[in-house]
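Before any comments, here is the structure.
Reckoned from all heavy atoms, side chains included, excluding hydrogens, waters and symmetry mates. Note that the coordinates shown come from a computational prediction; the quantities given were computed from them, not determined experimentally.
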Amino acid sequence: MATAALGLGTYRLQPAALIDAAARAAADPATAWIDTAPNYLGGRAQELLASFLVRHPVPTSTKVGFLTAQTAKDAVLDGAITGEEVARRHCLSTPYVHWQCARNRTELGRDRLDLVFTHNPEHADGDPYEALHDAFIALEEEAAAGILTGYGVATWDGFETGALNVPALHQLATSAAGSEQHHLSAIQLPVSLVTATAFSQALDGEGPIAQAAERGWQVFASAPLFGGELPHLATRELTELLNPDLSTAQACLLAAASCPGVTRTLLSVSSPAHWAEAREALCLPAIPVPILRKVLDVLAAG
């Protein structure tokens, strides 16, 4: 069983640390990946990354959905969004998704986007599937135009609450594309020893991670250390169950990266030492499923 690759998440990084962190992420071309969004770092993340990405064409995922104040103002002026949609601070309409994809290309300095996630569609007004269908139409058109390689769905609790499921997303994409040859190719969701519902399901070959993997989609694990809190919550006994030779943070990260079906683990970390420790951990063999199951059972009982 393979360990998931390591990618840089930019949500929690400080602007001054972003480029150095991106450089560390780019150091291994075989696995390098950067995940960002137009609303990260107060709306500055993509423009700050652009100069680096021109010199280092690291594969990068971005997002559509959430609005910053400036994004909303500019989208209204361009006729891509209504005042009512602005008031909700979240939009996945077909015109807006086209507009935001164009803006993402401009901000990142790219003619073609590698991967665009619809960002937390559970926040959409009304039925998230209706919002996603409109977004998927735009994203399929972007892919048909050759300016987008693929798209996905990034969610915090959409799969856990039942608001979303992989078979329904596949059906939506098929409808938007007019065939099963659609460009929906990834999901992103929290996977950690704390946010463990999908994790536990995957150990039994069930749930969104397993369903996405069966379709050959990428699965991005976000918040593998639960926003940096997990190393403070886990005990040394738990660490020794996972791998006694690792630090608590390394063991918890390796656990998330060992989840069957997860292809990439996103870590927001600015410290060179912490990034080196993460890379060291993810170079190790995956933790066997029986051990992962035992650890999750212990945590559930506690």
Side-chain angles (χ1 to χ4, degrees), residues 6-27 29 32-78 80-81 85-86 89-93 95-121 123 135 138-139 141-143 145-156 183 185-186 188 218 220 222-223 264 266-270 275:
L6 181 64
L8 176 68
T10 59
Y11 176 60
R12 289 181 172 271
L13 295 181
Q14 294 299 315
L18 180 61
I19 300 306
D20 286 344
R24 285 189 288 276
W33 193 281
I34 296 173
D35 180 75
T36 190
N39 61 312
Y40 287 178
L41 307 189
R44 299 176 59 201
Q46 299 196 139
E47 291 183 340
L48 289 172
L49 281 168
S51 61
F52 174 83
L53 293 174
V54 168
R55 302 189 307 274
H56 307 277
V58 179
T60 300
S61 49
T62 183
K63 302 179 179 72
V64 294
F66 286 111
L67 312 173
T68 64
Q70 189 62 52
T71 296
K73 180 180 178 181
D74 293 345
V76 169
L77 288 174
D78 290 340
I81 195 171
E85 289 168 331
V86 167
R89 311 296 296 178
H90 187 276
C91 184
L92 290 173
S93 71
Y96 177 74
V97 170
H98 275 303
W99 183 90
Q100 184 64 71
C101 283
R103 190 179 181 95
N104 287 345
R105 289 194 300 275
T106 298
E107 289 185 346
L108 289 169
R110 295 201 155 171
D111 295 327
R112 182 187 182 97
L113 298 173
D114 298 308
L115 183 64
V116 174
F117 285 108
T118 54
H119 201 175
N120 291 16
H123 287 271
L139 294 166
E141 290 172 347
E142 294 278 313
I147 50 182
L148 170 64
T149 301
Y151 63 92
V153 175
T155 177
W156 181 252
H183 294 81
S185 58
Q188 183 181 140
Q218 297 185 73
F220 290 72
S222 61
R264 190 170 299 276
L266 298 173
L267 187 65
S268 291
V269 60
S270 57
W275 184 263

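- Gln188 has its side chain within reach of Asp35: a pair of non-hydrogen atoms, C-beta onward, lies under 4.5 Å apart.
- Between the CD1 atom of Ile34 and the NE2 atom of His56 there is a distance of 9.5 Å, given to the nearest 0.5 Å.
- Here the shortest heavy-atom pairing between Pro121 and Val153 reads CG-CG1, 3.8 Å.
- Note that the OG1 atom of Thr68 and the CG atom of Asp74 stand 8.0 Å from one another [nearest 0.5 Å].
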Evaluate the side chain to side chain contact (heavy atoms under 4.5 Å, CB included) criterion for residues Gln100 and Thr71: first the C-alpha distance (whole Å), next the side-chain angles of each, then the deciding distance (0.1 Å), finally the verdict. CA-CA 9 Å; Gln100 184 64 71; Thr71 296; 3.5 Å; yes
Could you give me the CA-CA distance, side-chain angles and deciding distance for Leu108 and Leu53, then say whether side chain to side chain contact (heavy atoms under 4.5 Å, CB included) is met? CA-CA 7 Å; Leu108 289 169; Leu53 293 174; 3.8 Å; yes
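- Side chain to side chain, Ser61 and Trp33 meet the donor-acceptor criterion of an N or O pair below 3.5 Å.
- Side-chain atoms of Leu266 and Tyr11, non-hydrogen and from C-beta on, never get closer than 4.5 Å to each other.
- Between Tyr96 and Cys91, the shortest heavy-atom distance links the atoms CD2-O, 3.3 Å.
- If you take CH2 on Trp275 and OG on Ser268, they are separated by 9.0 Å, rounding to the nearest 0.5 Å.
- Side-chain contact between Leu267 and Leu8 is absent, with no heavy atoms from C-beta onward closer than 4.5 Å.
- Contact between Ala50 and Glu107 at its shortest, heavy atoms only, is CB-O, 3.1 Å.
- Counting only heavy atoms from C-beta outward, the side chains of Thr62 and Phe117 never approach each other to under 4.5 Å.
- If you run side chain to side chain donor-acceptor pair (under 3.5 Å) between Gln46 and each of Asn104, Thr60, Thr36, Thr10, only Asn104 comes through.
- Taking both residues in full, the closest heavy atoms of Arg264 and Gly7 are given as CG-N, 4.0 Å, listed atom of the first, atom of the second, then distance.
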For side chain to side chain contact (heavy atoms under 4.5 Å, CB included), just list the numbers for Lys73 and Val86, CA-CA rounded to whole Å, side-chain angles, deciding distance to a tenth of an Å, and then say yes or no. CA-CA 8 Å; Lys73 180 180 178 181; Val86 167; over 6 Å; no
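- Side-chain contact between Leu113 and Tyr151 is absent, with no heavy atoms from C-beta onward closer than 4.5 Å.
- Looking at every heavy atom in both residues, Ala32 comes nearest to Ala25 through CB-O, 3.2 Å.
- Remark: Arg105 engages Glu142 in a salt bridge, criterion side-chain N to carboxylate O under 4.0 Å.
- We find the CG-CZ distance between Leu148 and Arg110 to be 12.5 Å, quoted to the nearest 0.5 Å.
- Rounded to the nearest 0.5 angstrom, Ile19 CD1 and Leu49 CG are separated by 5.5 Å.
- In terms of heavy-atom proximity, Pro15 sits nearest to Leu48 at CB-CD1, 3.9 Å.
- Considering Ser93, Pro95, Cys101 as possible partners of Val97, the one that fulfils the side-chain contact (heavy atoms from CB on, under 4.5 Å) test is Cys101.
- Residues Glu47 and Arg44 are not in side-chain contact: their nearest non-hydrogen atoms beyond the backbone lie 4.5 Å or more apart.
- Here His90 and Phe66 bring their ring centres to under 6.0 angstrom of each other.
- For the atom pair OG1 of Thr118 and NZ of Lys63, the computed distance is 10.5 Å after rounding to the nearest 0.5 Å.
- A 4.5 Å side-chain heavy-atom check between Leu18 and Ser270 finds every atom pair outside the cut-off.
- Between Leu13 and Val269, the closest side-chain pair of non-hydrogen atoms is not below 4.5 Å.
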